[in-house]
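Atom set for the values below is all heavy atoms of this structure, side chains included, hydrogens, waters and symmetry mates excluded. Quick caveat, the model's predicted, so the values are computed rather than measured. Per chain, numbering begins at 1; letters A, B, ... match sequence-line order.
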Amino acid sequence: MRNMDEFHVSSVSLPPMLDRTFFDRDVVAVARALIGVTLTVNGAGGIIVETEAYHQKEPAAHSHRGQTLRNAVMFGSPGHAYVYRSYGIHWCLNFVCGPAGTASAVLIRALEPTTGITLMGRRRGVDDLRILCSGPGRLCQALGITRAHNGLALDAPPFALKERQRRPRIVIGPRIGIAKAVELPWRFGLAGSKFLSRAFVHVDE
DNA sequence: CAGTGGATGCTCT
DNA sequence: GAGCATCCACTGT
């Protein structure tokens with residue numbers, strides 16, 4: 001139960017509503033705004049602590065070379081999940097961003113686990129909270145995300161997004177695991193979080 | 001700790 | 001047939 005003060009603070013605080021319009025804007029702005037937002041899938045999940053932005057104009061994006069069967073969701077409406085298989089083993093979850101047609105998306109790279117921890121631990125085969133959802137492949141395994149979630153709207157079950165209560169302190173750095181456009185500082189993290197997939201070199205914001 | 005290499009499936013050339 | 005928006009185990013300090 002929350003008390004009146006907490007309710008009042010959340011009702012007047014800054015973060016935008018997590019409706020469709022939240023995703024219908026520049027992907028870098030969304031990647032930053034998602035830090036601190038709570039993501040659950042069928043009730044399991046936690047606080048988003050690490051994201052990366054990908055945009056069609058830039059060569060590390062799947063959409064860069066045009067629309068294909070795999071990346072088709074990126075070319076559709078903002079506010080939907082783009083899920084793809086990585087290295088033949090893992091799934092990775094992205095949120096499609098706008099404006100529509102920019103074929104841009106935010107890769108969700110790490111969560112701080114908060115709900116459904118027992119279930120997530122069973123799916124992952126680990127009980128250490130720090131490695132439960134710390135990495136794009138790990139968090140998909142923990143949340144049970146597969147190809148079946150590709151193209152689903154983010155404002156309806158099994159997805160649920162909950163606004164952050166306070167403006168978080170953000171750290172910024174280069175994206176991970178890519179060979180092209182490494183110079184773009186399009187990775188965002190929650191400052192001081194123990195649940196990042198990797199540490200940030202530079203601390204900004 | 002840091003560094004390395006294997007697993008594994010699918011997309012695109 | 002190459003190349004991945006990764007993770008884990010294993011090596012050597």
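Close to dC8(C), at under 4.0 Å from its OP1 or OP2, lies a side-chain N or O of Arg124(A). Distances shown here put a side-chain N or O of Arg147(A) below 4.0 Å from the OP1 or OP2 atom of dT11(B). A close approach under 4.0 Å does not occur between any side-chain nitrogen or oxygen of Arg65(A) and OP1 or OP2 of dT11(B).
Spacing between atom CG of Leu69(A) and atom P of dG9(B) amounts to 19 Å, rounded to whole angstrom units. The distance from atom CD of Gln141(A) to atom C1' of dC7(C) is 9 Å, rounded to the nearest whole Å. Taking atom CZ of residue Arg138(A) and atom P of nucleotide dC7(C), one finds them 6 Å apart after rounding to whole Å. Note: NE2 (His90(A)) to C1' (dC10(B)) measures 15 Å, nearest angstrom. Put simply, NE2 on His64(A) is 15 Å from C1' on dT13(B), counting in whole angstrom units. To the nearest angstrom, P of dC1(B) lies 16 Å from CZ of Arg198(A). For the pair Ile89(A) CD1 and dG3(C) P, the interatomic distance rounds to 18 Å; values are reported in whole Å. Rounding to whole angstrom units, NE2 of residue His62(A) and P of dA5(C) are separated by 4 Å.
For the P atom pair drawn from dG3(B) and dA5(C), the interatomic distance equals 22 Å after rounding to whole Å.
A salt bridge does not link Arg175(A) to Glu52(A): none of the charged side-chain nitrogens sits closer than 4.0 Å to a carboxylate oxygen.
The backbone N or O of Gly36(A) sits nowhere less than 3.5 Å from a side-chain atom of Arg164(A) that would complete a donor-acceptor pair.
Using modelled atom types and a 3.5 Å distance limit, the side chains of Gln141(A) and Arg124(A) yield a donor-acceptor pair.
Within the 4.0 angstrom heavy-atom criterion, only backbone atoms of the sugar-phosphate kind lie near Ile178(A); the bases stay farther away. Contact annotation for Asn94(A): base contact, defined as any heavy-atom pair under 4.0 Å involving a base atom. Within the nucleic acid shown, Arg109(A) comes within 4.0 Å of sugar-phosphate atoms alone, with no base atom in reach, counting heavy atoms only.
Between Thr102(A) and the options His55(A), Lys57(A), Gln56(A), Met74(A), a side chain to side chain contact (heavy atoms under 4.5 Å, CB included) holds for only His55(A).
Nearest nucleotide to the side chain of Pro136(A), out of dT11(B), dT6(C), dG9(B): dT6(C). When each of dT6(C), dG9(B), dC12(B) is scored by its nearest atom to the side-chain atoms of Ser86(A), the top-ranked nucleotide is dT6(C).
For Tyr87(A) against dA7(B), a side-chain-to-base donor-acceptor contact under 3.5 Å is absent.
Comparing Ile131(A) and Val106(A) against DNA chain C, the residue whose closest nucleotide sits nearer the 5' end is Val106(A).
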Exercise. Apply ring-ring contact (aromatic ring centres under 6.0 Å, His included) to the pair Tyr54(A) and His62(A), showing each step before the final yes or no.
Key: CA-CA 8 Å; Tyr54(A) 287 88; His62(A) 287 173; 7.4 Å; no

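dA5(C): no Watson-Crick or G-U partner with both key distances under 3.5 Å is found in any strand.
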